[in-house]
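What follows is a single structure, written as structure tokens, with notes after it.
Note that the numbering runs from 1 along the sequence shown for the chain. Only heavy atoms go into these numbers, but all of them, side chains included; no hydrogens, no water, no symmetry mates. Order of listing sets the numbers, starting from 1, for every ligand and every atom in it.
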Amino acid sequence: MKKTDYFSVRLVNNELVFLDQTLLPYEEKYFTTSSYERIALAIERLEIRGAPLIGIAAAYALALSQKEIFNFSLFEKAYERLKSTRPTAVNLFSALNRVRKIVDNYNVNNSAKGEIFNLLIAEAKAIHNEDEDMCRLIGINGLSLFTKKMNVLTHCNTGKLATGGEGTAFNVIKSAFENDLVNHVYADETRPLFQGSRLTAFELHKNNIPFSVLPDSAAASLFALGKVDIVLAGADRIARNGDSANKIGTYNLALLANYHDIPFYIAAPSTTIDLTTDDASGIPIEQRNRSEVIGIFPENEVTKNIDVYNPSFDITPSKLITGIITEKGIFNFPYSF
Ligand code: MRU
């Protein structure tokens, strides 16, 4: 098996096989299920994560809820359950709605046994395959930004672990590296859940890309030392005006890049652009459990009473984003998609 043969999700014999990302980088353990509830839990627990991947997994889960026999009330229940898992990544909602449309447009009374299930699975697979293609094109489109061998700063995880293909921002880095245009990658550790030091480090290592991990709070000093040539990050939801929600800490990098006159790019498939949301004010930000921040300390009188602010995402205003790399090309401010 090649070092890069790991995968995030795969449909095998009508069951979803997924890599449990909470165990990385220590264990590469795959879990197999056809239960939509188990997949919903996996999304909530971040065993499956990253905007495009959440959408793909939810689409498979909704289709799998109809594996035995078509049951509309179960379909609705599964749809609502999956929709409630995480609020920010728009891919979750658009993928679920795509699968739902198959049912809406289908005459269930005339259906041959199992036919609707096959159609639902085919739609989920199409969402998966299309994401793989979009990742490939994002990698190609982003290459034009590398005018020389560069040092890249990235945040969170945007690779194979977060998408149905080779990644978004990560695939731009990977394509540039394969073209000998990457000097070094700096990966923010991405507190509190360490998607940088656990997952991006895992993927950079697997691809033999030279990298360093830094505490999120060290980014400013890296800019001050002149070590950053370009910032590349992903997105969970991009509003119509280009305001972009991504992992908490992304906004910090955009501010730093702006101050230091360094290009700051977001890479995302067009499925992450939410044209029904005008701007940042319409993007729901997930607040996560206090234990993710404070749970590392043993509980005592002080720690058990500490209140925690733990938003999972922040929003980078569009005017701080030099460009948004999509499968269709690179968009620039003022954004019109
Ligand atoms: O909470 P997570 O790990 O799901 O957050 C993921 C991110 O913020 C990614 O940067 C984003 O989804 C883009 S993935 C291509």
Proximity to ligand 1 by part of [X], non-hydrogen separation under 4.0 Å:
X: Lys247; result: both
X: Asn157; result: backbone
X: Phe313; result: side chain
X: His155; result: neither
X: Cys156; result: side chain
X: Pro52; result: side chain

Check this for me - ligand 1, [X], N or O atoms closer than 3.5 angstrom, yes or no?
X: Ala162; value: no
X: Thr158; value: no
X: Gly234; value: no
X: Arg49; value: yes

Item checked: Lys/Arg-Asp/Glu bridge criterion (N-O < 4.0 Å) met for Lys77, Glu80 -> no

Check: With a cut-off of 4.0 Å, which atoms of ligand 1 are near a heavy atom of Arg86?
Finding: 1 (O), 2 (P), 4 (O)

Note to self: If you apply the rule ring-ring contact (aromatic ring centres under 6.0 Å, His included), what do you find for Tyr30 with Phe7, and how did you get there?
What the structure shows: CA-CA 9 Å; Tyr30 291 88; Phe7 63 88; 4.5 Å; yes

Next item on the list: Measure the distance from atom 9 (C) of ligand 1 to every protein heavy atom, then report the residue, atom name and distance (to 0.1 Å) of the closest one.
Entry: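 Ranked first by proximity to atom 9 (C) of ligand 1 is Asn246 OD1, 3.4 Å.
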
Notebook entry, point to check: Which protein heavy atom lies closest to atom 7 (C) of ligand 1, and at what distance to 0.1 Å?
Noted result: Asp236 OD1, 3.3 Å

Margin query: Is there a path of hydrophobic side-chain contacts, each under 4.5 Å between heavy atoms, that joins Val182 and Phe170?
Written below: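 The answer is yes; both residues are in one hydrophobic cluster.
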
Note to self: Tell me every residue that passes salt bridge (Lys or Arg N to Asp or Glu O under 4.0 Å) with Asp20, counting only those two or more places apart in sequence or in another chain.
What the structure shows: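 Not a single residue meets the salt bridge (Lys or Arg N to Asp or Glu O under 4.0 Å) criterion with Asp20.
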
